[in-house]
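Just so you know, ligand 1 is whichever comes first in the structure, and atom 1 is the first atom listed for that ligand. Just so you know, these numbers come straight off a predicted model, no measurement behind them. Residue numbers start at 1 and run along the sequence shown.
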Amino acid sequence: MFEKFEATPQDPIIKLIGMCRDDPRLEKIDVGVGVFRDSNGQTPIMEAVTIAEQRLHKTQTTKSYVGLAGDEVFNEQIGNLVFGQSCAPDRVRAVQTPGGCGALRMLSDMLFRIASDRTVWVSDPTWGNHYPIFRQSGFNVQSYPYLDRETKTVNLDALMGKLSTLGQNDIVVLHGCCHNPSGAELEPQNWDEIAQLSAKNGFFPYVDFAYQGFGRSLEDDAYSIRALASAVESMVVASSCSKNFGLYRDRVGCALLLGNTPAVSDIARDHLLITARSSYSMPPDHGAAIVAQIMTDTALRQSWEDELTGMREHMLSIRKKLSGRLREKAASDRWDFIADHRGMFSLLVLDDKQVDRLRNDYAVYAVAGGRINIAGIKDSDQLERFADALVAVTT
Ligand code: LMR
């Protein structure tokens, strides 16, 4: 049977994780996969998570099934966190999924049931896994312009120009905040414009929302979604708790949909549940139960928000330091954009040779194209060495 398979390339980010793990060089710097690390190079378990987990162990009495939609307290809380007051809550439906990736795929499969002839548009560049996810559902996937590779800012003219040509036959995948891989962000007025375009021309907004709280704040990062939700009849959001709760391996995500009436939303939700049933059936409970505990306990929620703010500020301070040191070492302002980007990532726009040299000669692990995870630089020693390596491979 299996001899029919042809060799297939690994996902580049997954491959990089393995290569970095297997590299014996102690001085290696891992700016590859999008995982937050603190100044000790650790991915901490958040304090609120530890406490909620302990409570859970003390109070949980069964491991019986929860249900297809997962934890309903979690679902309601994530619905509020994402949509805020932007739309009538009875139009929103939320289904817990295994990670944000699970939400992306379930929403995509659900949409394919009724919109198989539509084109899915992803940004250029985008997270590498977007293509396989939407293609596996069956969609034709195309890209719209996003990043100006010279300035490393959003190419607004090209973006808006393209979006204004899309309509009823199109689904547009937008990064709600902290664009992956570029780090280049849209401003609130840009989101207002996109929302108006969608409402006027009918393209369907599909928001990937994996980094809420990593950009500006929990509220500000949701501006994108709320602008859309107050303008359009329907949309979907794939939300993730991997990064903002640090629950990576517990696989905690949420598929959210907004329908034009509660009755329409109910039926759409049923289709989402049927889609899940024929895939993983029911989502894992543990991580979502932790999030539900945190979100409904005033003290834990405050602790979580404070720690999240600390993580965001840590990444911002690395951005500032790194761009400052690069300005001195390269005697140029070409890396100043790193301080202006938001979230974990910046796309440095490097070619394959430069990325290979970083890895082979300097033990620096960056994703193809030169995506770096800012939080991978743990201290000033690594920062100096990273900056030296970058200057060496780019001059
Ligand atoms: C990333 O972009 O590095 C993260 O979203 C992890 C992943 O699964 O790729």
### Message
Ring centroids only, cut at 6.0 angstrom: are His341 and Phe337 within range, meaning strictly under it?
### Response
yes

### Query
Centroid-to-centroid, Tyr211 to Phe36, below 6.0 Å?
no

### Task
State whether the number of non-hydrogen atoms from other residues, nucleotides or ligands found under 6.0 Å of Gln189 atom CD is greater than 12.
yes

Could you check ligand 1 for N or O atoms lying under 3.5 Å from protein N or O atoms and list the pairs with distances?
residue, atom, partner, partner atom, Å
ligand 1, 2 (O), Trp127, NE1, 3.1
ligand 1, 2 (O), Asn180, ND2, 3.1
ligand 1, 2 (O), Arg371, NH1, 2.8
ligand 1, 3 (O), Gly34, N, 2.7
ligand 1, 3 (O), Arg371, NH2, 2.8
ligand 1, 5 (O), Lys243, NZ, 3.2
ligand 1, 9 (O), Trp127, NE1, 3.1

### Message
Between Asp23 and Arg25 (salt bridge meaning N to carboxylate O under 4.0 Å), is one present in this structure?
### Response
yes

### Query
Charged N to carboxylate O below 4.0 Å: is that the case for Glu72 and Arg269?
yes

### Query
Is any side-chain heavy atom of Leu358 closer than 4.5 Å to a side-chain heavy atom of Leu350?
yes

